[in-house]
Amino acid sequence: QLQASGGGLVQAGGSLRLSCAASGRTFSSSARGWFRQAPGKEREFVAAISWNGGTLSYAESVKGRFTISRDNAKNTVYLQMDSLKPEDTAVYYCAASTRRTIPTSGSDFGFWGQGTQVTVSS
């Protein structure tokens, strides 16, 4: 199971740190990712990290503002979000793959957590 937390309401320019803790099984050998879905829009990729943190991937819209990291000892992945914009408002979901490397498709993330709401006010 994946449990996302850390969402909330923040003003534009502010920061939030999301966490995704895993329980019931270890994902230390799995790529992990974050996705988001805004109202009326499709789910979109935000960031991903390979099993050992050696490879990172970001959506163009968040590059330079968001940082994904992981702590395999804690079975947890993080998303540090800085310089938040109103367009970052969405429900954020964490996911895990059965692969060590970052999948090329969101459908290859076979494990999903419940979402955490992020709201950025202007």
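In this chain, residues are counted from 1 in sequence order. Worth knowing before you read on, the calculation uses all heavy atoms, side chains too, and leaves out hydrogens, waters and symmetry mates.
The minimum heavy-atom distance linking Leu2 with Ala22 is given by the pair CD2-CB, 3.7 Å. When every heavy atom of Phe109 is checked against every heavy atom of Pro103, the shortest pair comes out as CZ-CD, 3.6 Å. The two residues Pro86 and Ala12 have their closest heavy-atom pair at CD-CB, 4.1 Å. Minimum interatomic distance between Leu18 and Gly7 (heavy atoms only, all atoms of both residues): CD2-N, 3.6 Å. The nearest pair of heavy atoms linking Arg100 to Ala31 is O-CB, 3.7 Å. The shortest non-hydrogen separation linking Ala47 to Leu79 is CB-CD1, 4.1 Å.
By the 4.5 Å heavy-atom criterion applied to side chains, Phe111 and Ser30 are not counted as neighbours.
In this view, Ser83 satisfies the side-chain hydrogen bond (donor to acceptor under 3.5 Å, both in side chains) rule with no residue, not counting sequence neighbours.
Both Ile68 and Met81 belong to a single network of hydrophobic side chains, linked directly or stepwise wherever heavy atoms of I, L, V, M, F, W or Y lie under 4.5 Å apart. No continuous path of hydrophobic side-chain contacts links Phe45 to Trp51 [ILVMFWY only; heavy atoms under 4.5 Å]. Linking Ile, Leu, Val, Met, Phe, Trp and Tyr whenever their side-chain heavy atoms come within less than 4.5 Å puts Val77 and Phe66 in one cluster. Residues Val118 and Tyr58 share a single hydrophobic cluster, defined by chaining ILVMFWY side chains whose heavy atoms lie under 4.5 Å apart.
Between the side chain of Thr116 and the backbone N or O of Ser5 there is no donor-acceptor pair closer than 3.5 Å. Side-chain N or O atoms of Asn75 include one that pairs as donor or acceptor with a backbone N or O of Phe27 at under 3.5 Å. Looking at Ser97, its side chain does come within 3.5 Å of a backbone N or O of Asp108 through a donor-acceptor pair. Using a distance-only test at 3.5 Å, with no hydrogens or angles considered, a donor-acceptor pair links the side chain of Gln114 to the main chain of Ala4. Using modelled atom types, one side-chain atom of Thr76 and one backbone atom of Lys74 make a donor-acceptor pair closer than 3.5 Å. A donor-acceptor pair is defined here as one N or O able to donate and one able to accept, closer than 3.5 Å; no such pair exists between the side chain of Tyr92 and the backbone of Gly6. Side-chain atoms of Thr119 never come within 3.5 Å of backbone atoms of Leu9 as a donor-acceptor pair (strictly under, hydrogens ignored).
Geometrically, Arg17 engages Tyr78 in a cation-pi contact, judged by NZ or CZ lying under 6.0 Å from the ring centre and within 45° of the ring axis.
Of the inter-residue distances, the one linking Thr67 atom OG1 with Leu56 atom CG reads 8.5 Å to the nearest 0.5 angstrom. Going from atom CD of Gln1 over to atom OG of Ser23 covers 6.0 Å, rounded to the nearest 0.5 Å. Rounding to the nearest 0.5 Å places CD1 of Ile49 at 13.0 Å from OG1 of Thr101. For the atom pair CD of Gln80 and OG of Ser19, the computed distance is 9.5 Å after rounding to the nearest 0.5 Å. Put simply, CG on Asn72 and OG1 on Thr26 are 7.0 Å apart, with the number rounded to the nearest 0.5 Å.
Applying the salt bridge (charged side-chain N to carboxylate O under 4.0 Å, His left out) test to every pair with at least one member in residues 20-36, sequence neighbours left out, gives these pairs: Arg36-Glu44, Arg36-Asp88. The salt bridge (charged side-chain N to carboxylate O under 4.0 Å, His left out) pairs that include a residue from residues 113-122 number zero, where partners must be two or more places apart or lie in different chains.
Centroid-to-centroid, the aromatic rings of Phe35 and Trp112 come within less than 6.0 Å.
In this model, a donor atom of one side chain and an acceptor atom of the other lie less than 3.5 Å apart for Asn52 and Ser50.
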